Asks: 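I'd like to ask you about the structure that follows.
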4 protein chains.
Amino acid sequence: MQNPDDNQIASRRDRRIQRKRQEILAAATRIFAQKGYAAATTKDIANEADIGESTLYSYFASKRDILIAIAKETGEVFDRKFQEARGLENRAALVELLENAMDIFTERLDFTRTLVAEAWIDDEIFENYVMLRLKTIELLIEAFITDRVSSGVFRPVEPGLGARAVMGMFAGIVIPVLRGNEAPFTPEKRHQIAQDVVDVLLDGVRVRHSD
Amino acid sequence: MQNPDDNQIASRRDRRIQRKRQEILAAATRIFAQKGYAAATTKDIANEADIGESTLYSYFASKRDILIAIAKETGEVFDRKFQEARGLENRAALVELLENAMDIFTERLDFTRTLVAEAWIDDEIFENYVMLRLKTIELLIEAFITDRVSSGVFRPVEPGLGARAVMGMFAGIVIPVLRGNEAPFTPEKRHQIAQDVVDVLLDGVRVRHSD
Amino acid sequence: MQNPDDNQIASRRDRRIQRKRQEILAAATRIFAQKGYAAATTKDIANEADIGESTLYSYFASKRDILIAIAKETGEVFDRKFQEARGLENRAALVELLENAMDIFTERLDFTRTLVAEAWIDDEIFENYVMLRLKTIELLIEAFITDRVSSGVFRPVEPGLGARAVMGMFAGIVIPVLRGNEAPFTPEKRHQIAQDVVDVLLDGVRVRHSD
Amino acid sequence: MQNPDDNQIASRRDRRIQRKRQEILAAATRIFAQKGYAAATTKDIANEADIGESTLYSYFASKRDILIAIAKETGEVFDRKFQEARGLENRAALVELLENAMDIFTERLDFTRTLVAEAWIDDEIFENYVMLRLKTIELLIEAFITDRVSSGVFRPVEPGLGARAVMGMFAGIVIPVLRGNEAPFTPEKRHQIAQDVVDVLLDGVRVRHSD
DNA sequence: AATGAATGAGGATTCATTCAT
DNA sequence: TATGAATGAATCCTCATTCAT
């Protein structure tokens, strides 16, 4: 015979725990973004989260576990954003895809920064939390290009290369923001950039000799 | 000057010291590339270089000093390669620029991998050893675009954006190699890629409606 | 005394508290026996007792206090068993003494295992909770021997040595059970062993040349 | 082409390392004997050995490794002492066996104390470093008894029980010394005790009714 | 110049205990 | 009373760096 409130209480407690976990993740993310995972100490994180160092271990099993949790989180945000984008119908859809991608970076700047830094040397993070998602986007763009190549709208470029080119352009623009060397995009800027990238992809920068 | 041979002896000694420094740097580079700077230990490096751990300190003041030396080295290689490329005369020159850039990555893969990883979190490395060089390339490309925009050959794109787009495409193709997920380029592949990137930049992927 | 029931209530509460204490002690004993005192954590004990870790501290002042409580308990059980055995009248009494001792080990195997382990390094435990009781038995046996030596039934052996020999034989048989390397005794085995030990003590293993 | 002294130098260095290892083991043994393995800290050991805490780790891989080294050492001393004692020819041989066993305890008191304490809870230590050796002695005694039982010199006692009895008596006498509650044996005392134990085993304490 | 040895300054993690509810 | 949460104080261990030879 349990108290009728038990469920509510449990969920209230769960929420409290979740909130605390989020706070710690946020703090850890800030620290990781500043010094990188390896140079960050659990003490740094605890101080940033304003809790005792040992309290960390009530919420996460290890320092690495915190990193993984950040990776998972970012992955989930990504998935939520991209689950509907099944196929790119037209140019506008491609632009929107890029805008969405920029959104994630803008919103979760520090998370992503940490993730990218660690993925660079850590194969598990790279494989499971970064590559998996990049592949999603890459495949969408590849399909987009393959489509148009076979219908004769595009020149017979290698779709893989095209996709990489788009992602690369995207990266070239996003990385300075991620790295902290440029201000995050305003929504208008974001839209403009997505447009420009697609423009270059489609038509290049050269003036059409005729048209 | 006690002895007429002093200079020669000194320089012979200098050469020996320089050679040893290079060996240590090479060893360190391999280790850094494997585990990242922070996770690499001086013991790892010494073992790889087949010397005693303390001997490192006869050649470098600290672990960080080794990293900086690697950064300097890579920067110098870069500069040697790019010092003549003062202005990009034509399309071929741009292609060659990209090929040269890919060259460096191919040749000094490990150096670059380490450098990028560290630059991601270390502002000094970033500023002095990475940004400086990227800026060189960026400016060359920007000038190239500005030129053509003002002479009406290119649409009025923002030159900065164009430069970034090129560097991004380049990055998108080079990063998987750097990260170790793809095999380094063969010279033929390299040339092809450079061509393709410039093609996309100039004309995009869309079929010309008329020509 | 506000209420006539107060005493009863108090004693009912006391009993509840006592019961809980016993449960905790039993749980702690099991854990200590498995990992030893130092390696056992309060969390282990709380889990085994199926209570919250902090609840332990409503019943015991510290982890060490739990150990002491176990030691006391075991001591009391011992005393209850040996209080009547004031003097050893005859051979049968000696056999019974040993059987009783084996009884305690059999019944409170885990308690004893822990106790012995801790007594080995902890002087307080050793002095107050182990030595005291061993001395009781030793003195009984010594008196038994002294008696018979002075009445000429025994050779003039040193009674202390004899007592030690008996206790040692006893230990040699009991220790593997305590340590968990042999199964506990059945009542029949127990009786047999006690007989054998006394036999050896009295007559050794050598065949009497005449009798 | 190495220096002719290389071997000597190597062995001198080896000896130095061995000496240091011994010093550390001795220090650790003292500490373990005082507080037990679990309660002893690496800092305690380092202080006792008068070296820095981290220096320990140049000689041993872990705290547990130190314990194992102690166990090995003690085992080897034992083996050296008992390797010749192949079969017990006669009563004198049995006495000598016991004397030798007491020797080990006397010489390496702290080592043994530590070992026994840890064997009580640690199965690996128990199995590989204690049981193995005890078994050696036990089998020797068992064979001794079996022999005499079959030749009719001994009553038909169970040899296993007899062996245990002897080892138990031995333990009963040795344990207080090990535990630090009694002074170590003088050589004379040692001989006397071994004699007495064998006497009791053979003839018990009871006066022969006839002889 | 080269190095084996030594170590101080941490670093991640554990745990007995306290405290607010 | 019971307990989840929090934590300070260790604990084992690592590592960049120094030093004596």
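Bear in mind that the values here come from a model prediction, so they are computed numbers and not experimental data. Residue numbering restarts at 1 for every chain, and letters A, B, ... go by the order of the sequence lines.
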Asks: Rounded to whole angstroms, how far apart are CG on C:Leu67 and C1' on E:dA16?
Replies: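 In whole Å, E:dA16 C1' lies 15 Å from C:Leu67 CG.
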Asks: Could you name each residue pair satisfying salt bridge (Lys or Arg N to Asp or Glu O under 4.0 Å) that touches residues 108-120 of chain B, not counting sequence neighbours?
Replies: B:Glu73-B:Arg108
Asks: Please tabulate, one pair per line, each protein N/O and nucleotide N/O from nucleotides 17-19 of chain E that are separated by under 3.5 Å, including the distance.
Replies:
from, atom 1, to, atom 2, distance (Å)
E:dT17, OP2, C:Tyr57, OH, 3.0
E:dT17, OP2, C:Lys63, N, 2.9

Asks: Considering residues at least two apart in sequence or located in another chain, which fulfil the side chain to side chain contact (heavy atoms under 4.5 Å, CB included) criterion with B:Ser54?
Replies: none
Asks: Roughly how many Å is it from CZ in A:Arg21 to C1' in F:dA5, rounded to a whole number?
Replies: 16 Å
Asks: Output the rounded distance in Å from CZ (D:Arg13) to P (F:dT21).
Replies: 17 Å
Asks: Tell me, please, which residues at least two apart from B:Asp123 pass side-chain hydrogen bond (donor to acceptor under 3.5 Å, both in side chains).
Replies: A:Arg179
Asks: Angle between the end axes of the helix from E:dA2-F:dT21 to E:dT21-F:dA2, five pairs per end, to the nearest 10 degrees?
Replies: 20°
Asks: Listed in order of residue number, which residues of residues 23-36 of chain A have a non-hydrogen atom at under 4.0 Å from DNA chain E?
Replies: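 Correct list: empty, so none.
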Asks: Given that B:Tyr37 and A:Tyr59 both sit by DNA chain F, which one's nearest nucleotide is further toward the 5' end?
Replies: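 Comparing both residues, the 5'-ward one is A:Tyr59.
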Asks: Rounded to whole angstrom units, what separation is found between the NZ atom of D:Lys43 and the C1' atom of E:dA9?
Replies: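 So the two atoms are 12 Å apart, to the nearest Å.
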Asks: Nearest to the side chain of D:Thr55, heavy atoms from C-beta on, is which of E:dA5, F:dA5, E:dA6?
Replies: E:dA6
Asks: Residues two or more places apart in sequence or in another chain: which of them pass salt bridge (Lys or Arg N to Asp or Glu O under 4.0 Å) with A:Glu124?
Replies: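 Residues passing salt bridge (Lys or Arg N to Asp or Glu O under 4.0 Å) with A:Glu124: A:Arg64.
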Asks: Decide yes or no for A:Thr114 and A:Tyr37: does some side-chain heavy atom of the first lie under 4.5 Å from some side-chain heavy atom of the second?
Replies: no
Asks: Are B:Ser58 and E:dA1 close enough that a side-chain N or O sits under 4.0 Å from OP1 or OP2?
Replies: no
Asks: Suppose the criterion is salt bridge (Lys or Arg N to Asp or Glu O under 4.0 Å): which pairs have a residue in residues 25-36 of chain B, not counting sequence neighbours?
Replies: B:Arg30-B:Glu48, B:Lys35-B:Asp44
Asks: Think C:Lys20 has a side-chain N or O under 4.0 angstrom from the OP1 or OP2 of F:dA2?
Replies: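 Yes, within the criterion.
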Asks: What is the distance, rounded to the nearest whole Å, between atom CG of A:Asp65 and atom C1' of E:dT13?
Replies: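 Rounded to the whole Å, the gap is 13 Å.
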Asks: Would you mind classifying the nucleic acid contact of A:Ala38 as base, sugar-phosphate or nothing, using non-hydrogen atoms under 4.0 angstrom?
Replies: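 Contact class for A:Ala38: none.
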Asks: Give the rounded distance in Å between these two atoms: CG of D:Leu56 and C1' of E:dG8.
Replies: 14 Å
Asks: Check the distance between F:dA2's P and C:Asp50's CG and give it to me in whole angstrom.
Replies: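 Going from CG in C:Asp50 over to P in F:dA2 covers 13 Å.
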Asks: When we call it a touch if two heavy atoms are under 4.0 Å apart, what does D:Ile17 touch: a base, just sugar-phosphate, or nothing?
Replies: sugar-phosphate
Asks: Under the rule for side chain to side chain contact (heavy atoms under 4.5 Å, CB included), what residues qualify as partners of C:Ala28, not counting sequence neighbours?
Replies: C:Phe32, C:Ile45, C:Ile66, C:Ile70
Asks: Taking all non-hydrogen atoms of both residues into account, name the closest pair between A:Phe126 and A:Ala119 and its distance.
Replies: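 Reported closest heavy-atom pair: CB-O, 3.5 Å.
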Asks: Name all residues meeting the side chain to side chain contact (heavy atoms under 4.5 Å, CB included) criterion together with B:Ser58; count only those two or more places apart in sequence or in a different chain, and write none if there are none.
Replies: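 Side chain to side chain contact (heavy atoms under 4.5 Å, CB included) check on B:Ser58 returns nothing, list empty.
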Asks: According to side-chain hydrogen bond (donor to acceptor under 3.5 Å, both in side chains), who are the partners of D:Thr42, at least two apart in sequence or on a separate chain?
Replies: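 If we apply the side-chain hydrogen bond (donor to acceptor under 3.5 Å, both in side chains) test to D:Thr42, skipping adjacent residues, the hits are D:Glu53.
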Asks: Which pair of heavy atoms, one from D:Ala33 and one from C:Ile121, lies closest together, and at what distance?
Replies: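 Smallest interatomic distance, heavy atoms only, reads O-CG2, 4.3 Å.
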Asks: Does C:Arg16 reach a base, just sugar-phosphate, or nothing at all? Heavy atoms under 4.0 Å.
Replies: nothing
Asks: Rounding to an integer number of Å, can you tell me how far D:Phe60 CZ sits from E:dA6 P?
Replies: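 In whole Å, E:dA6 P lies 13 Å from D:Phe60 CZ.
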Asks: List for me each residue that meets salt bridge (Lys or Arg N to Asp or Glu O under 4.0 Å) alongside C:Glu23, sequence neighbours excluded, and say none if there are none.
Replies: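 Salt bridge (Lys or Arg N to Asp or Glu O under 4.0 Å) list for C:Glu23, sorted by chain: empty.
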Asks: Within the structure shown, what part of the strands sits under 4.0 Å from A:Ile51 by heavy-atom distance: base, sugar-phosphate, or nothing?
Replies: sugar-phosphate
